[in-house]
Amino acid sequence: MGDQDLPGVLVSDLEGPHGICEDHAEDLKRHFNLITMQDFLENKAQLGPKIQAVYIWGGRPAVSQELLCSLPSLKIVASAGAGLDHLDLGLVASFGVKVANTPHAVSSPTADLGMALLLAAARRVVEGHQLAVSPHTENFPTDYMGQQVTGATLGIIGMGSIGYKIAQRARAFEMKIVYHNRKRRKLEEEEAVGAIYCERLDDLLQSSDFVMLAVSLTPQTQGLIGKRELRLMKPTAILVNIGRGLLVDQDALVEALQTRLIKAAALDVTYPEPLPRDHPLLELKNIILTPHIGSATHQARRQMMENLVESILASFSGLPIPNEVLLK
């Protein structure tokens with residue numbers, strides 16, 4: 001509990017693996033009285049009316065109907081990151097509560113990671129590191145081969161702000177870029193990165209050496225890449241997912257990697273996170289897994305926090321909310 005005279009903001013916790021960034025706490029406390037979920041649950045009657053915003057970091061706290069009913073003064077739910085699959089936007093809107101996120105803060109670092117995963121998987125960087133440091137290595141094999149990135153075809157599924165930044169980076173590698181999106185980009189935007197629109201997802205899958213998932217998770221995109229789609233990909237193709245784990249049928253992916261239906265995969269996201277320690281994906285050599293770190297840079301996380309503060313303060317003052325999420 002902080003300064004009682006400041007507006008109350010609900011957070012998951014102030015420390016620990018599921019709390020807000022500890023480096024941000026003092027900055028937040030200058031503007032808000034931070035109320036943790038534990039404190040709130042222990043004293044709903046007194047604290048509920050004081051809470052005017054929910055500050056979501058790492059998907060927590062969860063915003064349920066029960067929680068919304070307990071917060072009569074709530075003005076805004078401010079969620080770090082770009083993805084909103086953890087929120088029922090219709091439910092939040094039904095309580096007259098605004099929603100904001102931080103899409104611009106995460107686009108560049110997530111695009112950076114997407115390219116890092118693509119390069120690491122293509123050139124077998126993780127396997128190479130393990131070979132180089134192994135106490136059993138006596139010589140380096142001359143037939144240790146990867147896939148060439150320069151001149152290869154990259155298929156980007158989801159050409160939003162992150163997907164477009166990936167295209168910008170890929171062009172520097174002289175890659176041929178094709179993309180599939182719910183809505184086609186403007187011609188000048190396509191020309192700026194040399195991207196070709198694929199109206200049919202199947203065409204993208206069949207022609208790409210690398211398939212990059214940068215699309216939001218919705219009921220329409222869940223399971224977007226399944227057994228049928230993996231069979232359409234080249235046997236030399238590499239799948240990279242920086243979107244959400246549920247975009248991919250993981251059982252189908254395990255089978256595709258085990259049988260070499262596709263060459264390899266690199267995933268920053270899975271379902272669940274983390275995977276059970278006996279999950280078959282963890283046993284495969286032709287996969288790279290990272291712990292959902294697309295936006296995990298000090299600079300991006302600070303910008304996310306600052307963006308959330310700006311949106312929350314705007315909602316309190318009745319001003320236009322930066323990065324407000326409008327219900328479609």
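The structure presented is a predicted model; accordingly, all values stated were derived computationally and were not measured.
- With Gln147 contributing its side chain and Thr236 its backbone, the two residues share a donor-acceptor pair below 3.5 Å.
- Residues Val77 and Lys98 fail the side-chain proximity criterion, which asks for heavy atoms closer than 4.5 Å.
- When side chains are defined from C-beta on, Asp27 does not count as touching Phe32, because their heavy atoms never get closer than 4.5 Å.
- One finds the CG atom of Asn181 at 11.5 Å from the CG atom of Leu201 (value rounded to the nearest 0.5 Å).
- One distance of note links CD1 of Ile262 with CZ of Arg231; it measures 12.0 Å at 0.5 Å rounding.
- The two atoms that bring Pro109 and Thr297 nearest to each other are CB-CG2, 4.1 Å, heavy atoms only.
- Between Met305 and Leu28, the closest side-chain pair of non-hydrogen atoms falls below 4.5 Å.
- Both Leu246 and Leu275 are assigned to one and the same hydrophobic cluster, defined by single-linkage of ILVMFWY side chains at heavy-atom distances under 4.5 Å.
- In this structure, Gln250 contributes its side chain and Tyr271 its backbone to a donor-acceptor pair below 3.5 Å.
- In this structure a side-chain-to-backbone donor-acceptor pair under 3.5 Å is missing from Gln222 to Pro219.
- Remark: the His86 side chain and the Ser79 side chain contain an N/O donor-acceptor pair separated by less than 3.5 Å.
- Atom CZ of Arg302 has more than 12 neighbouring heavy atoms from other residues, nucleotides or ligands inside a 6.0 Å radius.
- The CG atom of Leu247 lies 9.0 Å from the CD1 atom of Ile157; values are rounded to the nearest 0.5 Å.
- One N or O on the side chain of Tyr179 and one on the backbone of Arg185 form a donor-acceptor pair closer than 3.5 Å.
- Taking all atoms of both residues into account, the shortest heavy-atom contact from Pro72 to Gly48 is CD-O, 3.9 Å.
- A salt bridge does not link Asp209 with Lys176: every distance from a Lys NZ or Arg NE/NH1/NH2 to an Asp or Glu carboxylate oxygen is 4.0 Å or more.
- A donor-acceptor pair shorter than 3.5 Å cannot be found between the side chains of Tyr144 and Glu127.
- Distance alone, capped at 3.5 Å, is enough to place a donor-acceptor pair between the Asp268 side chain and the His292 backbone.
- Remark: side-chain polar atoms of Glu273 are paired, donor with acceptor, to backbone N or O of Thr270 under 3.5 angstrom.
- Ring to ring, Trp57 and His24 are close: their centroids are under 6.0 angstrom apart.
- Residue Ile312 holds its CD1 atom at 7.0 Å from OH of Tyr55, rounded to the nearest 0.5 Å.
- Judged by distance alone, the side chain of Thr221 and the main-chain N or O of Thr218 form a donor-acceptor pair under 3.5 Å.
- The existence of a salt bridge linking Glu66 and Lys44 is confirmed by a sub-4.0 Å separation between a basic side-chain nitrogen and an acidic carboxylate oxygen.
- Note on Ile288: it does not cluster hydrophobically with Val269, by side-chain heavy-atom contacts below 4.5 Å among ILVMFWY residues.
- Lys263 NZ: 12 or fewer foreign heavy atoms inside a 6.0 Å radius.
- Shown here for Gly114 and Ile242, the closest heavy-atom pair between the two residues is CA-CG2, 3.8 Å.
- Ring geometry for His180 versus Tyr197: interplanar angle under 30°, hence parallel rather than tilted (30 to 60°).
- Counting heavy atoms from C-beta on, the side chains of Val149 and Met175 come closer than 4.5 Å.
- Shown here for Ile238 and Ala122, the closest heavy-atom pair between the two residues is CD1-CA, 3.7 Å.
- No continuous path of ILVMFWY side-chain contacts below 4.5 Å connects Ile287 to Phe210, so the two sit in separate hydrophobic clusters.
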Show your working on side chain to side chain contact (heavy atoms under 4.5 Å, CB included) between Ile196 and Ile177 and close with a plain yes or no. CA-CA 6 Å; Ile196 298 171; Ile177 302 164; over 6 Å; no
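- Taking a 6.0 Å sphere around CD of Gln38, one finds it holds 12 or fewer heavy atoms contributed by other residues, nucleotides or ligands.
- Taking CE of Met115 as the start and OG1 of Thr110 as the end, the distance is 14.0 Å to the nearest 0.5 Å.
- Cluster annotation: Val126 and Leu239 are assigned to distinct hydrophobic clusters (Ile/Leu/Val/Met/Phe/Trp/Tyr, side-chain heavy-atom contacts under 4.5 Å, transitive).
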Assess the residue pair Val240 and Val211 against the criterion (side chain to side chain contact (heavy atoms under 4.5 Å, CB included)); give the C-alpha distance rounded to whole Å, side-chain angles, the decisive distance to 0.1 Å, and a yes or no. CA-CA 6 Å; Val240 183; Val211 174; over 6 Å; no
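- Summarising the geometry of Ala300 relative to Ser295, their closest heavy-atom pair is CB-O, 3.5 Å, with the distance given to 0.1 Å.
- With salt bridges taken as basic N to acidic carboxylate O contacts below 4.0 Å, one links Arg244 and Asp85.
- At a threshold of 4.5 Å between non-hydrogen side-chain atoms, the residues Leu10 and Phe40 count as touching.
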Residues Leu326, Glu324; criterion side chain to side chain contact (heavy atoms under 4.5 Å, CB included); working and verdict: CA-CA 6 Å; Leu326 301 175; Glu324 180 177 359; 3.7 Å; yes
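- Residues Leu257 and Leu281 have side chains in contact (heavy-atom distance under 4.5 Å, counting atoms from C-beta outward).
- Counting heavy atoms from C-beta on, the side chains of Tyr164 and Val193 come closer than 4.5 Å.
- The pair Arg184-Glu199 fails the salt-bridge criterion, with no side-chain N (NZ, NE, NH1 or NH2) lying under 4.0 Å from an Asp/Glu carboxylate O.
- In terms of modelled atom types and a separation under 3.5 Å, the side chain of Thr36 and the main chain of Asp39 share a donor-acceptor contact.
- A pairwise comparison of heavy atoms in Asp249 and Gly226 identifies CB-CA, 3.9 Å as the closest pair.
- In this structure, Gln65 places its CD atom where only 12 or fewer heavy-atom neighbours from other residues, nucleotides or ligands lie under 6.0 Å away.
- Criterion: ILVMFWY side-chain heavy atoms under 4.5 Å apart, direct or through other members. Under it, Leu230 and Leu232 are part of a common hydrophobic cluster.
- Expressed to the nearest 0.5 Å, how far OG of Ser64 lies from CG of Leu87 amounts to 11.0 Å.
- Residues Leu154 and Leu118 meet the side-chain proximity criterion, which asks for heavy atoms closer than 4.5 Å.
- A donor-acceptor contact shorter than 3.5 Å is absent between the side chain of Ser73 and the backbone of Gln52.
- Although no hydrogens or angles enter the test, the distance criterion places a donor-acceptor pair under 3.5 Å between the side chain of Arg169 and the main chain of Lys165.
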Let's go through Val178 and Ser208 carefully: what are the C-alpha distance in whole Å and the side-chain angles of both, what is the deciding distance for side chain to side chain contact (heavy atoms under 4.5 Å, CB included) to 0.1 Å, and is it a yes or a no? CA-CA 8 Å; Val178 295; Ser208 298; 3.7 Å; yes
